[in-house]
Participant: 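Structure incoming, see below.
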Amino acid sequence: MPDLLDSLNPEQKQAVLHEKGPILVLAGAGSGKTRVITHRLAHLVSRGVDPRSILAVTFTNKAAGEMRERAQALLPGAPLTSFVGTFHAFGLRLLRRRAQAAGLPPRFGIADSSDSLALVKEAMEEHGISEQMLPPHSVRGRISHAKNAMIPPQRFAQMATDFAGERIAKVYASYEKRLAACGALDFDDLIVRPVRLLAEQPGVLAEERRRIRHLLIDEYQDTNSAQDALVKRLGEGADSLAAVGDEDQAIYRWRGAEVEHILRFEEDFPGAKVIALERNYRSTDKILAAASGLVSHNRRRREKRLRSDRGAGAAVRIWRFDEDRAEVEAVAREIAGSAKPPGETAILYRVNAQSRPFEEELVRRKIPYVVVGGMKFYERAEVKDVLAYLRLAARPEDDLAFRRVVNVPARGIGAATLDRLAAMSRESGKSWWEVSADPAGVTDRARTSLTRFRAVVEELREKAVDGTPSAVLEHLLTVTGYSALYEGSDDREDVARRENIRELLSSAREFERRNAEGATVAEYLDTVALATDADAAGVRGGAITLSTLHAAKGLEFGQVFVVGLEEGFLPHGQSGEDEDELEEERRLLYVGMTRAEDALTLTVTNRRLVYGRVEPRRPSRFLEEIPKGAVEEKVFGYSAPTAAFAAHASSFEPEDEDQRPLRRGRRVRHPRYGYGVILTEEGSGDETRLTVYFDRAGKKKFVARYADLTPA
DNA sequence: CTGCTTCACCTTTTT
DNA sequence: GGTGAAGCAG
């Protein structure tokens with residue numbers, strides 16, 4: 001198929017044609033990365049390579065879907081049988097096939113992020129750790145990092161140096177126990193377990209290597225160490241291993257990704273071929289110059305020179321506003337007056353909460369829009385409830401699902417009964433399901449309710465043996481009494497819930513259609529567990545796209561607005577001042593800017609409503625780093641800040657040396673709580689209240705005047 | 001045990 | 001502004 005290569009430039013062609021061994025493709029923004037991957041995949045197949053020996057891995061379902069589709073389009077005829085999917089989907093498939101070798105129960109479940117957060121909370125409670133002391137979210141984060149670094153609880157405990165670390169080690173250990181008790185794996189396990197399996201069982205490794213001969217890894221800059229290890233295990237000795245990525249677009253450090261993996265590729269794979277794709281087909285020169293100038297302030301990157309293929313174009317606009325209302329209006333007005341079709345426009349922001357004012361204004365102006373990401377379909381309570389019933393139908397020993405719905409709709413099974421079941425389960429090592437058959441020490445009412453509940457689940461189990469997912473779902477909605485819960489109500493929320501349930505049903509039918517044979521309940525549940533968003537990005541058609549900078553990666557638009565370029569958003573207030581985190585924030589903006597083809601507008605505001613409060617804002621430091629030659633500034637009715645306002649604003653200034661001993665960030669000592677650090681100051685003078693985070697006692701609030709705090 | 005109210009706390013990004 | 005936990009009356 002010679003025409004396969006005609007549309008490629010020389011570098012792209014080299015990347016596609018590369019025959020043997022490791023190759024790293026450094027694909028700058030807009031350089032035709034997906035094109036290279038899909039063509040390489042298609043090329044291998046058309047050259048006679050067995051499609052089943054090709055493994056193509058990405059990070060998101062969306063990217064995987066696109067890759068499969070586009071590769072398939074290049075290969076008329078037989079459906080592509082290669083594995084094309086996410087790291088997690090690959091890990092899951094491997095573990096399902098080799099559950100026994102991996103030492104897993106034959107039908108293990110998958111704990112999603114809310115399941116695993118629930119388990120962390122329980123584990124914390126078990127060890128008497130309050131949520132004030134350690135936020136469950138961050139504990140969950142620490143555990144996740146440890147798992148991805150392949151550090152087991154035992155070693156984590158040995159490594160723990162401080163008080164918090166010791167506690168987290170305990171939580172980590174019982175979290176793992178609890179996960180095992182409900183026969184479930186969390187997302188991290190889906191990567192880490194395969195790595196361990198391949199490391200410990202040479203036989204399995206040999207077989208997998210025999211099966212997988214060609215690897216294609218997308219977004220290599222976003223791999224964490226477990227994913228990197230997985231690639232290395234499988235890739236060693238493979239016929240080819242192609243890693244594609246761009247360190248300037250690495251934006252998942254917080255999730256354990258390490259740019260080092262891509263920066264170190266040639267050392268890890270000696271003799272690797274490296275090809276840089278530096279021709280940009282997406283953006284005009286001005287946009288590219290602005291974005292490149294910005295990201296060149298990063299140190300941990302390879303020097304590169306992106307060239308635009310599209311001519312100079314218009315300057316990047318920087319719009320400055322006095323307040324957020326004006327910002328929202330100006331952006332909406334520009335969009336309304338624009339000749340571009342709505343589908344060609346995107347508004348990008350740092351955090352989801354920023355979408356709201358724009359949504360309101362777009363609604364007011366009757367401009368259609370879609371929000372990418374946002375509230376996730378599979379995270380809605382009603383969807384999770386219904387799926388929990390389905391999970392029980394497939395695997396009654398799924399404690400997490402059991403607890404979720406045993407009392408939904410309300411059956412008179414309350415906290416006391418649940419505590420009983422928990423205790424019995426812990427003592428006997430049996431699942432809640434088993435224990436609930438003969439519960440000791442619960443009220444008669446609860447006992448009858450449990451019996452009735454069990455009968456319902458038993459019936460669903462039978463139904464699930466040979467029923468399709470959608471049939472079981474439909475059945476379950478009536479027998480459990482779940483749909484009656486929201487029926488016949490005019491409440492907007494209830495209407496939405498009914499719609500979501502209907503939506504779930506049709507997605508199940510869609511799943512069955514796509515997997516004509518083998519659309520079992522278990523397989524449907526696997527798919528759903530790894531599907532995080534409802535692929536909303538596919539339906540953008542005639543609507544403006546609203547998206548976070550993260551979710552915008554991989555997309556492109558004629559006209560892009562990156563809004564709210566202020567300190568606190570970009571860089572985000574939760575990101576520290578250390579260089580690595582700043583670099584990541586800078587890359588995030590870079591990713592946003594390089595989404596634009598012809599028009600890019602960056603906005604800043606002097607004042608903004610945050611959590612219902614008007615707050616002074618300062619322009620992002622990144623604005624200074626964008627080359628002046630590429631931009632054109634415009635100030636909208638900008639009034640100089642008042643003196644008081646300026647004083648307030650300047651307290652955000654990091655280089656403004658504040659000598660007060662009890663200011664934000666200072667370490668202090670308290671006679672009772674020991675050492676800590678000041679998190680926030682509220683009010684002023686005698687009224688000043690301080691929130692202090694103590695190393696051992698957690699968060700406490702004080703009125704500064706009365707608290708016995710000394711600088712430490 | 002349930003359902004309602006209040007209250008605190010919060011807010012990064014996601015497979 | 002929104003959500004989830006905690007508190008309280010029925």
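Numbers restart at 1 for each chain; the letters A, B, ... are given by sequence-line order, proteins then strands.
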Participant: Can you tell me which nucleotide in C:dG1, B:dT15, B:dT13 comes closest to the side chain of A:W254?
Facilitator: B:dT13
Participant: May I ask you to say whether A:D115 pairs ionically with A:R391, meaning some side-chain N is under 4.0 Å from a carboxylate O?
Facilitator: yes
Participant: Would you check if A:L549 and A:Y590 make a side-chain contact, meaning some heavy-atom pair closer than 4.5 Å?
Facilitator: no
Participant: Quick one, which residues of residues 412-421 of chain A touch DNA chain B with a heavy atom under 4.0 Å?
Facilitator: A:G412, A:I413, A:G414, A:A415, A:A416, A:T417
Participant: Verify whether the ring centers belonging to A:F59 and A:F87 lie closer than 6.0 Å.
Facilitator: yes
Participant: Using the test side-chain hydrogen bond (donor to acceptor under 3.5 Å, both in side chains), find all partners of A:R93 that sit at least two apart in sequence or belong to another chain.
Facilitator: none
Participant: Near DNA chain B, which residues from residues 83-94 of chain A have a heavy atom under 4.0 Å away?
Facilitator: A:T86, A:H88
Participant: Look at the side chain of A:V351 and decide which nucleotide, out of C:dA5, B:dT14, B:dT13, has an atom nearest to it.
Facilitator: B:dT13
Participant: Taking C-beta and beyond as the side chain, do A:H572 and A:V351 meet within less than 4.5 Å on heavy atoms?
Facilitator: yes
Participant: Quick one: are A:Y482 and A:V405 in side-chain contact, heavy atoms under 4.5 Å?
Facilitator: no
Participant: Classify the nucleic acid contact of A:N407 as base, sugar-phosphate or nothing, counting any heavy atom under 4.0 Å across all strands shown.
Facilitator: sugar-phosphate
Participant: What are the atom names and distances for every N/O pair under 3.5 Å that joins the protein to nucleotides 7-10 of chain C?
Facilitator:
none

Participant: Are A:E583 and A:R301 close enough for a salt bridge, meaning some N to O gap below 4.0 Å?
Facilitator: no
Participant: Identify the residue among A:K33, A:K62, A:R68 that makes a salt bridge (Lys or Arg N to Asp or Glu O under 4.0 Å) with A:D218.
Facilitator: A:K33
Participant: In whole Å, what is the span from the CZ atom of A:F59 to the P atom of B:dT15?
Facilitator: 11 Å
Participant: Between B:dT15, B:dC1, B:dT11, spot the one nearest the side chain of A:R255, thanks.
Facilitator: B:dT15
Participant: Could you tell me how far apart A:E131 (CD) and C:dG4 (C1') are, to the nearest whole angstrom?
Facilitator: 10 Å
Participant: What is the separation between atom CD on A:E219 and atom P on B:dT14, rounded to the nearest whole Å?
Facilitator: 14 Å
Participant: Can you tell me if A:R356 touches the phosphate of C:dG2, counting only side-chain N or O atoms and a distance under 4.0 Å to OP1 or OP2?
Facilitator: yes
Participant: Taking A:K121 first and then A:E125, would you say they form a salt bridge - that is, a charged N and a carboxylate O separated by under 4.0 Å?
Facilitator: no
Participant: If you assign each of A:H137 and A:A410 to its closest nucleotide in DNA chain B, which residue comes earlier from the 5' end?
Facilitator: A:A410
Participant: Figure out the OH/P separation between A:Y378 and B:dT14, and round it to whole Å.
Facilitator: 17 Å
Participant: Whole-Å distance between B:dT13 C1' and A:H572 NE2?
Facilitator: 9 Å
Participant: Any Lys/Arg nitrogen of A:R607 or A:E615 sitting under 4.0 Å from an Asp/Glu carboxylate oxygen of the other?
Facilitator: no
Participant: Figure out the NZ/P separation between A:K384 and C:dG4, and round it to whole Å.
Facilitator: 11 Å
Participant: According to side-chain hydrogen bond (donor to acceptor under 3.5 Å, both in side chains), who are the partners of A:Y486, at least two apart in sequence or on a separate chain?
Facilitator: none
Participant: Send over the distance from A:N352 CG to C:dT3 P, rounded to a whole Å.
Facilitator: 13 Å
Participant: Nearest whole Å is fine: how far is C:dG1 C1' from A:E359 CD?
Facilitator: 13 Å
Participant: Given B:dT14, is OP1 or OP2 found less than 4.0 Å from the side-chain N or O atoms of A:N61?
Facilitator: no
Participant: Counting side-chain heavy atoms from CB outward, which of B:dT14, B:dT2, B:dT13 is closest to A:H550?
Facilitator: B:dT13
Participant: Sequence neighbours left out, what passes salt bridge (Lys or Arg N to Asp or Glu O under 4.0 Å) with A:R595? Give chain and number order.
Facilitator: none
Participant: Has A:K121 got a side-chain N or O lying under 4.0 Å from the OP1 or OP2 atom of C:dA5?
Facilitator: yes
